[in-house]
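Worksheet: the structure to be examined is printed underneath.
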Amino acid sequence: MARTCNRPLPAGRLGSRQALLFAALCGVGGLWTLAEHTNPLTTGLGAANIVLYAGIYTPLKQLSIYNTWVGAVVGAIPPLMGWAAAAGELEPGAWLLAAALFSWQLPHFLALAWMCQDDYARGGFRMLPKFDPTGRRTAAVALRHCAFLLPLGAAAAALHVTSPWFAGEAALLAGAMGAGAIAFRANPTAASARKLFRGSLLYLPLLLAALAVHRQPNRHAVTWQDVRREAGAAAAGAAALLPEPLQPGRLWQQLQQMQPGLHWPQLRPVEQRYGLVLEQLQGIKCPSRAYGDSVDEQGSCSGSGAELLAEAAAVAAAAGEEPGDDAADAGQ
(Lines give C-alpha, C1' and ligand atoms only; values in the text may rest on other atoms or scores of the structure.)
Protein backbone atom coordinates (compact mmCIF):
# COMPACT_ATOMS: atom_id res chain seq x y z
CA MET A 1 0.00 0.00 0.00
CA ALA A 2 1.30 3.44 -0.92
CA ARG A 3 -0.18 4.77 2.34
CA THR A 4 1.98 2.53 4.53
CA CYS A 5 4.94 1.58 2.32
CA ASN A 6 7.38 3.81 4.21
CA ARG A 7 6.65 2.30 7.61
CA PRO A 8 9.56 0.29 9.11
CA LEU A 9 8.16 -3.20 8.51
CA PRO A 10 6.92 -2.79 4.89
CA ALA A 11 10.04 -0.81 4.00
CA GLY A 12 12.27 -3.63 5.25
CA ARG A 13 13.97 -1.60 7.96
CA LEU A 14 12.54 -3.99 10.52
CA GLY A 15 12.22 -7.77 10.22
CA SER A 16 9.08 -9.69 11.17
CA ARG A 17 10.85 -11.37 14.10
CA GLN A 18 12.03 -8.04 15.41
CA ALA A 19 8.54 -6.60 15.06
CA LEU A 20 7.03 -9.59 16.88
CA LEU A 21 9.58 -9.33 19.70
CA PHE A 22 9.00 -5.59 20.04
CA ALA A 23 5.22 -6.10 20.10
CA ALA A 24 5.52 -8.84 22.71
CA LEU A 25 7.77 -6.72 24.93
CA CYS A 26 5.41 -3.75 24.67
CA GLY A 27 2.36 -5.91 25.37
CA VAL A 28 3.83 -7.73 28.36
CA GLY A 29 5.48 -4.60 29.73
CA GLY A 30 2.32 -2.58 29.32
CA LEU A 31 0.17 -5.16 31.08
CA TRP A 32 2.71 -5.46 33.89
CA THR A 33 2.67 -1.69 34.33
CA LEU A 34 -1.13 -1.64 34.44
CA ALA A 35 -1.22 -4.52 36.93
CA GLU A 36 1.37 -2.84 39.14
CA HIS A 37 -0.04 0.67 39.15
CA THR A 38 -3.78 0.43 38.44
CA ASN A 39 -6.24 -2.39 39.10
CA PRO A 40 -7.38 -5.75 37.67
CA LEU A 41 -10.22 -4.20 35.67
CA THR A 42 -7.90 -1.86 33.78
CA THR A 43 -5.38 -4.66 33.21
CA GLY A 44 -8.10 -6.98 31.96
CA LEU A 45 -9.40 -4.38 29.52
CA GLY A 46 -5.88 -3.83 28.22
CA ALA A 47 -5.29 -7.56 27.73
CA ALA A 48 -8.64 -7.95 26.00
CA ASN A 49 -7.82 -5.09 23.64
CA ILE A 50 -4.50 -6.64 22.66
CA VAL A 51 -6.27 -9.90 21.83
CA LEU A 52 -9.05 -8.08 19.99
CA TYR A 53 -6.65 -5.97 17.92
CA ALA A 54 -3.95 -8.51 17.14
CA GLY A 55 -6.02 -11.68 17.15
CA ILE A 56 -9.31 -10.58 15.60
CA TYR A 57 -9.24 -7.13 14.00
CA THR A 58 -5.95 -7.49 12.10
CA PRO A 59 -6.72 -10.79 10.33
CA LEU A 60 -10.35 -9.75 9.81
CA LYS A 61 -9.22 -6.88 7.56
CA GLN A 62 -8.58 -9.41 4.81
CA LEU A 63 -11.73 -11.43 5.48
CA SER A 64 -14.72 -9.13 6.07
CA ILE A 65 -15.88 -5.53 5.73
CA TYR A 66 -16.96 -5.72 9.36
CA ASN A 67 -13.35 -5.33 10.43
CA THR A 68 -14.12 -1.58 10.60
CA TRP A 69 -16.74 -2.10 13.29
CA VAL A 70 -14.41 -4.39 15.26
CA GLY A 71 -11.67 -1.78 14.94
CA ALA A 72 -14.07 0.81 16.33
CA VAL A 73 -14.52 -1.35 19.42
CA VAL A 74 -10.73 -1.48 19.78
CA GLY A 75 -10.64 2.30 19.66
CA ALA A 76 -13.44 2.64 22.20
CA ILE A 77 -11.74 0.54 24.90
CA PRO A 78 -8.89 2.97 25.88
CA PRO A 79 -11.28 5.54 27.45
CA LEU A 80 -12.81 2.68 29.44
CA MET A 81 -9.33 1.80 30.65
CA GLY A 82 -8.58 5.36 31.66
CA TRP A 83 -11.82 5.68 33.59
CA ALA A 84 -11.34 2.30 35.27
CA ALA A 85 -7.80 3.26 36.30
CA ALA A 86 -8.99 6.51 37.86
CA ALA A 87 -12.28 5.42 39.42
CA GLY A 88 -11.83 1.69 39.96
CA GLU A 89 -15.02 0.89 38.05
CA LEU A 90 -16.89 1.67 34.84
CA GLU A 91 -19.38 4.43 35.59
CA PRO A 92 -21.88 5.92 33.09
CA GLY A 93 -19.38 8.55 31.97
CA ALA A 94 -16.98 5.83 30.86
CA TRP A 95 -19.59 4.27 28.58
CA LEU A 96 -20.48 7.67 27.13
CA LEU A 97 -16.86 8.27 26.22
CA ALA A 98 -16.59 4.80 24.69
CA ALA A 99 -19.79 5.34 22.68
CA ALA A 100 -18.46 8.65 21.36
CA LEU A 101 -15.17 7.08 20.30
CA PHE A 102 -16.95 4.12 18.69
CA SER A 103 -19.35 6.16 16.57
CA TRP A 104 -16.77 8.82 15.69
CA GLN A 105 -14.48 6.21 14.14
CA LEU A 106 -17.02 5.13 11.52
CA PRO A 107 -17.34 8.42 9.58
CA HIS A 108 -13.64 9.10 10.20
CA PHE A 109 -12.37 5.81 8.84
CA LEU A 110 -14.97 5.25 6.11
CA ALA A 111 -14.10 8.64 4.62
CA LEU A 112 -10.45 7.57 4.63
CA ALA A 113 -11.31 4.16 3.17
CA TRP A 114 -13.24 5.83 0.33
CA MET A 115 -10.32 8.12 -0.51
CA CYS A 116 -7.85 5.21 -0.42
CA GLN A 117 -10.10 2.44 -1.75
CA ASP A 118 -7.80 1.45 -4.62
CA ASP A 119 -4.83 1.33 -2.26
CA TYR A 120 -6.72 -0.86 0.21
CA ALA A 121 -7.84 -3.16 -2.62
CA ARG A 122 -4.25 -3.63 -3.79
CA GLY A 123 -3.28 -4.50 -0.23
CA GLY A 124 -5.95 -7.20 -0.07
CA PHE A 125 -8.07 -5.48 2.55
CA ARG A 126 -11.84 -5.90 2.39
CA MET A 127 -13.23 -2.45 3.09
CA LEU A 128 -16.82 -1.35 2.55
CA PRO A 129 -16.03 1.02 -0.37
CA LYS A 130 -14.65 -1.91 -2.36
CA PHE A 131 -18.17 -3.39 -2.50
CA ASP A 132 -19.98 -0.05 -2.78
CA PRO A 133 -19.16 1.52 -6.15
CA THR A 134 -21.76 4.27 -5.78
CA GLY A 135 -20.56 5.27 -2.30
CA ARG A 136 -24.11 5.61 -1.03
CA ARG A 137 -23.88 2.76 1.43
CA THR A 138 -20.55 4.00 2.76
CA ALA A 139 -21.92 7.51 3.18
CA ALA A 140 -25.13 6.20 4.80
CA VAL A 141 -23.13 4.35 7.46
CA ALA A 142 -21.05 7.46 8.14
CA LEU A 143 -24.18 9.62 8.40
CA ARG A 144 -25.92 7.13 10.70
CA HIS A 145 -23.07 7.20 13.18
CA CYS A 146 -22.96 11.00 13.08
CA ALA A 147 -26.64 10.83 14.08
CA PHE A 148 -25.74 8.46 16.93
CA LEU A 149 -23.41 11.15 18.28
CA LEU A 150 -26.16 13.79 18.48
CA PRO A 151 -27.77 12.71 21.81
CA LEU A 152 -24.56 11.84 23.64
CA GLY A 153 -24.13 15.34 25.04
CA ALA A 154 -27.68 15.36 26.39
CA ALA A 155 -27.08 11.94 27.93
CA ALA A 156 -23.89 13.21 29.60
CA ALA A 157 -25.78 16.15 31.10
CA ALA A 158 -28.69 13.96 32.22
CA LEU A 159 -26.27 11.59 33.97
CA HIS A 160 -24.50 14.54 35.67
CA VAL A 161 -21.24 13.77 33.92
CA THR A 162 -21.23 17.30 32.47
CA SER A 163 -23.13 20.55 32.82
CA PRO A 164 -26.11 21.21 30.48
CA TRP A 165 -23.95 23.46 28.29
CA PHE A 166 -22.17 20.40 26.96
CA ALA A 167 -25.41 18.99 25.51
CA GLY A 168 -25.77 21.87 23.05
CA GLU A 169 -22.09 22.02 22.16
CA ALA A 170 -21.85 18.27 21.53
CA ALA A 171 -24.96 18.38 19.36
CA LEU A 172 -23.54 21.26 17.30
CA LEU A 173 -20.28 19.42 16.75
CA ALA A 174 -22.07 16.21 15.73
CA GLY A 175 -24.35 18.23 13.45
CA ALA A 176 -21.38 19.87 11.74
CA MET A 177 -19.74 16.52 11.07
CA GLY A 178 -23.13 15.17 10.00
CA ALA A 179 -23.38 17.96 7.43
CA GLY A 180 -20.15 16.69 5.95
CA ALA A 181 -21.60 13.18 5.82
CA ILE A 182 -24.74 14.51 4.09
CA ALA A 183 -22.59 16.24 1.48
CA PHE A 184 -20.61 13.03 1.00
CA ARG A 185 -23.81 11.05 0.50
CA ALA A 186 -25.16 13.56 -2.01
CA ASN A 187 -21.92 13.51 -4.03
CA PRO A 188 -19.58 10.61 -3.11
CA THR A 189 -16.27 11.90 -4.40
CA ALA A 190 -12.76 12.00 -3.02
CA ALA A 191 -13.19 15.72 -2.37
CA SER A 192 -16.38 15.32 -0.31
CA ALA A 193 -14.84 12.36 1.54
CA ARG A 194 -11.79 14.49 2.34
CA LYS A 195 -13.99 17.22 3.81
CA LEU A 196 -15.73 14.67 6.01
CA PHE A 197 -12.38 13.24 7.07
CA ARG A 198 -11.03 16.68 8.00
CA GLY A 199 -14.23 17.46 9.86
CA SER A 200 -13.79 14.29 11.90
CA LEU A 201 -10.26 15.38 12.80
CA LEU A 202 -11.68 18.58 14.24
CA TYR A 203 -14.67 16.95 15.95
CA LEU A 204 -12.85 14.76 18.45
CA PRO A 205 -10.46 17.27 20.08
CA LEU A 206 -13.22 19.88 20.23
CA LEU A 207 -15.62 17.39 21.85
CA LEU A 208 -13.06 16.30 24.44
CA ALA A 209 -12.11 19.91 25.17
CA ALA A 210 -15.77 20.79 25.75
CA LEU A 211 -16.14 17.73 27.95
CA ALA A 212 -13.14 18.79 30.03
CA VAL A 213 -14.49 22.34 30.40
CA HIS A 214 -18.01 21.29 31.39
CA ARG A 215 -17.27 18.17 33.42
CA GLN A 216 -18.97 17.83 36.78
CA PRO A 217 -16.90 16.76 39.81
CA ASN A 218 -17.43 13.09 40.43
CA ARG A 219 -19.20 11.74 43.51
CA HIS A 220 -16.18 10.09 45.12
CA ALA A 221 -16.55 12.43 48.07
CA VAL A 222 -14.22 10.53 50.37
CA THR A 223 -10.70 11.53 51.29
CA TRP A 224 -7.92 9.26 52.43
CA GLN A 225 -8.20 10.80 55.88
CA ASP A 226 -11.77 9.43 56.01
CA VAL A 227 -10.60 6.02 54.85
CA ARG A 228 -7.79 5.81 57.36
CA ARG A 229 -9.98 7.06 60.22
CA GLU A 230 -12.60 4.40 59.52
CA ALA A 231 -9.94 1.77 59.00
CA GLY A 232 -8.39 2.66 62.35
CA ALA A 233 -11.74 2.31 64.11
CA ALA A 234 -12.30 -1.07 62.48
CA ALA A 235 -8.78 -2.15 63.38
CA ALA A 236 -9.36 -1.30 67.03
CA GLY A 237 -12.53 -3.39 67.05
CA ALA A 238 -10.85 -6.23 65.21
CA ALA A 239 -7.97 -6.25 67.68
CA ALA A 240 -10.37 -7.21 70.47
CA LEU A 241 -11.27 -10.35 68.51
CA LEU A 242 -7.77 -11.56 67.81
CA PRO A 243 -6.50 -14.66 69.61
CA GLU A 244 -3.27 -12.86 70.50
CA PRO A 245 -2.29 -9.24 71.26
CA LEU A 246 -2.16 -6.82 68.36
CA GLN A 247 1.29 -6.58 66.81
CA PRO A 248 2.35 -3.74 64.50
CA GLY A 249 2.32 -4.79 60.85
CA ARG A 250 0.88 -8.23 61.59
CA LEU A 251 -2.88 -7.61 61.59
CA TRP A 252 -3.26 -9.01 58.09
CA GLN A 253 -1.43 -12.24 59.01
CA GLN A 254 -3.38 -12.51 62.26
CA LEU A 255 -6.71 -12.16 60.48
CA GLN A 256 -5.62 -14.67 57.86
CA GLN A 257 -4.94 -17.15 60.63
CA MET A 258 -8.54 -16.75 61.77
CA GLN A 259 -10.03 -17.23 58.31
CA PRO A 260 -8.87 -16.14 54.82
CA GLY A 261 -10.79 -13.54 52.87
CA LEU A 262 -12.71 -10.46 53.94
CA HIS A 263 -16.03 -12.09 54.85
CA TRP A 264 -15.19 -13.18 58.37
CA PRO A 265 -18.24 -13.97 60.56
CA GLN A 266 -16.13 -12.89 63.52
CA LEU A 267 -15.92 -9.34 62.16
CA ARG A 268 -19.68 -8.83 61.75
CA PRO A 269 -20.01 -7.25 65.23
CA VAL A 270 -17.26 -4.80 64.28
CA GLU A 271 -19.11 -3.86 61.09
CA GLN A 272 -22.30 -3.31 63.04
CA ARG A 273 -20.62 -1.34 65.80
CA TYR A 274 -18.69 1.05 63.58
CA GLY A 275 -21.09 1.15 60.66
CA LEU A 276 -18.27 0.03 58.39
CA VAL A 277 -18.97 -2.42 55.58
CA LEU A 278 -15.70 -4.06 54.67
CA GLU A 279 -16.85 -4.69 51.11
CA GLN A 280 -17.09 -0.92 50.60
CA LEU A 281 -13.65 -0.39 52.05
CA GLN A 282 -12.28 -3.13 49.80
CA GLY A 283 -13.72 -1.39 46.74
CA ILE A 284 -12.76 2.14 47.72
CA LYS A 285 -12.12 4.39 44.72
CA CYS A 286 -9.64 7.19 44.19
CA PRO A 287 -11.00 10.50 45.44
CA SER A 288 -11.36 13.14 42.75
CA ARG A 289 -9.19 16.24 42.76
CA ALA A 290 -12.22 18.22 43.89
CA TYR A 291 -12.54 16.22 47.09
CA GLY A 292 -9.22 14.51 47.63
CA ASP A 293 -6.30 16.83 47.08
CA SER A 294 -4.55 14.89 49.77
CA VAL A 295 -3.96 11.91 47.48
CA ASP A 296 -0.55 13.20 46.40
CA GLU A 297 0.45 13.69 50.01
CA GLN A 298 -0.98 10.43 51.26
CA GLY A 299 0.22 8.22 48.41
CA SER A 300 -1.49 6.21 45.73
CA CYS A 301 -4.82 4.44 46.05
CA SER A 302 -3.67 1.05 44.84
CA GLY A 303 -3.91 -0.63 48.23
CA SER A 304 -6.81 -2.89 49.06
CA GLY A 305 -9.14 -2.38 51.99
CA ALA A 306 -7.39 -5.14 53.91
CA GLU A 307 -4.04 -3.46 53.42
CA LEU A 308 -5.44 -0.12 54.59
CA LEU A 309 -6.93 -1.85 57.61
CA ALA A 310 -3.60 -3.46 58.44
CA GLU A 311 -1.72 -0.20 58.00
CA ALA A 312 -4.13 1.66 60.27
CA ALA A 313 -3.84 -1.01 62.92
CA ALA A 314 -0.05 -0.93 62.72
CA VAL A 315 -0.03 2.84 63.16
CA ALA A 316 -2.43 2.63 66.10
CA ALA A 317 -0.37 -0.07 67.79
CA ALA A 318 2.89 1.76 67.22
CA ALA A 319 1.37 4.81 68.91
CA GLY A 320 0.45 2.73 71.92
CA GLU A 321 -3.33 2.95 71.38
CA GLU A 322 -5.40 0.18 72.88
CA PRO A 323 -8.91 -0.89 71.88
CA GLY A 324 -11.53 0.83 74.02
CA ASP A 325 -14.47 -0.64 75.88
CA ASP A 326 -16.70 -0.11 72.89
CA ALA A 327 -14.46 -2.29 70.77
CA ALA A 328 -14.46 -4.96 73.44
CA ASP A 329 -18.27 -4.81 73.61
CA ALA A 330 -18.43 -5.26 69.84
CA GLY A 331 -16.54 -8.51 70.12
CA GLN A 332 -18.99 -10.03 72.56
Side-chain angles (χ1 to χ4, degrees), residues 49 57 65-84 86 90-117 127-129 132 134-218:
N49 220 21
Y57 167 65
I65 63 171
Y66 293 106
N67 71 79
T68 306
W69 281 261
V70 176
V73 174
V74 172
I77 289 178
L80 294 179
M81 295 173 62
W83 200 290
L90 296 178
E91 298 169 316
W95 296 108
L96 288 173
L97 272 175
L101 265 291
F102 177 86
S103 284
W104 166 81
Q105 286 175 91
L106 272 297
H108 171 78
F109 185 75
L110 288 176
L112 177 65
W114 179 262
M115 292 188 293
C116 304
Q117 56 182 300
M127 301 301 172
L128 179 57
D132 178 32
T134 67
R136 289 191 173 275
R137 185 182 174 192
T138 302
V141 174
L143 179 58
R144 182 165 62 245
H145 281 274
C146 288
F148 290 162
L149 292 170
L150 283 170
L152 285 181
L159 292 169
H160 305 292
V161 177
T162 66
S163 69
W165 285 100
F166 180 72
E169 294 172 0
L172 286 174
L173 289 171
M177 188 165 64
I182 292 173
F184 177 41
R185 190 173 190 276
N187 185 24
T189 63
S192 61
R194 186 173 292 107
K195 288 181 180 179
L196 174 59
F197 179 74
R198 289 174 176 172
S200 71
L201 293 178
L202 289 173
Y203 170 84
L204 192 60
L206 291 176
L207 179 80
L208 295 179
L211 180 63
V213 169
H214 297 298
R215 66 174 289 273
Q216 297 283 69
N218 64 42

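All residue numbers in this chain count up from 1 along the given sequence.
When all heavy atoms of G135 and P188 are compared, the pair lying nearest together is CA-CB, 4.0 Å. Here the closest heavy-atom approach between residue L149 and residue S103 is recorded as CD2-CB, 3.7 Å. Considering all non-hydrogen atoms of both residues, L150 and G175 come closest at CD2-N, 3.9 Å. Across all their heavy atoms, S163 and A157 have their closest contact at O-CB, 3.9 Å. Taking all atoms of both residues into account, the shortest heavy-atom contact from C146 to A181 is SG-CB, 4.1 Å. Here the closest heavy-atom approach between residue P78 and residue G75 is recorded as CD-O, 3.4 Å.
Taken from CZ in F197 to SG in C116, the straight-line distance is 8.0 Å, to the nearest 0.5 Å. For the atom pair CZ (R185) and CZ (R144), the distance works out to 10.5 Å, reported to the nearest 0.5 Å. Residue L172 holds its CG atom at 13.0 Å from CE of M177, rounded to the nearest 0.5 Å. Considering CG of L211 and CD of E169, their distance stands at 10.5 Å, rounded to 0.5 Å. Going from atom CG of D132 over to atom CD of Q117 covers 8.5 Å, rounded to the nearest 0.5 Å.
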Next item on the list: Dump the intermediate steps for side-chain contact (heavy atoms from CB on, under 4.5 Å) on I77 and L101, then the final yes or no.
Entry: CA-CA 9 Å; I77 289 178; L101 265 291; over 6 Å; no
Check: Please walk me through it: do L202 and L173 pass side-chain contact (heavy atoms from CB on, under 4.5 Å)?
Finding: CA-CA 9 Å; L202 289 173; L173 289 171; over 6 Å; no
Checklist line | Worked verdict on W114 versus L196 for side-chain contact (heavy atoms from CB on, under 4.5 Å) | finding: CA-CA 11 Å; W114 179 262; L196 174 59; over 6 Å; no
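Around CH2 of W95, the count of heavy atoms belonging to other residues, nucleotides or ligands within 6.0 Å does not exceed 12.
At a cut-off of 3.5 Å, with distance as the only test, no side-chain donor of T162 or H214 sits close to an acceptor on the other residue.
The aromatic rings of F148 and H145 sit perpendicular, their planes meeting at an angle over 60°, well past the 30° parallel limit.
Side-chain contact between L112 and M115 is present, with heavy atoms from C-beta onward closer than 4.5 Å. Counting only heavy atoms from C-beta outward, the side chains of W69 and L106 approach each other to under 4.5 Å. In this structure, R137 and I65 have side chains that are in contact, with non-hydrogen atoms separated by less than 4.5 Å. A 4.5 Å side-chain heavy-atom check between N67 and M127 finds at least one atom pair inside the cut-off. Contact check for L128 versus T68: no side-chain heavy atoms found under the 4.5 Å cut-off. A 4.5 Å side-chain heavy-atom check between F166 and V161 finds every atom pair outside the cut-off. W104 is not listed as a side-chain neighbour of L207, based on a closest heavy-atom distance of 4.5 Å or more.
When atom types are taken as modelled, the side chain of N49 and the backbone of V74 share a donor-acceptor pair closer than 3.5 angstrom.
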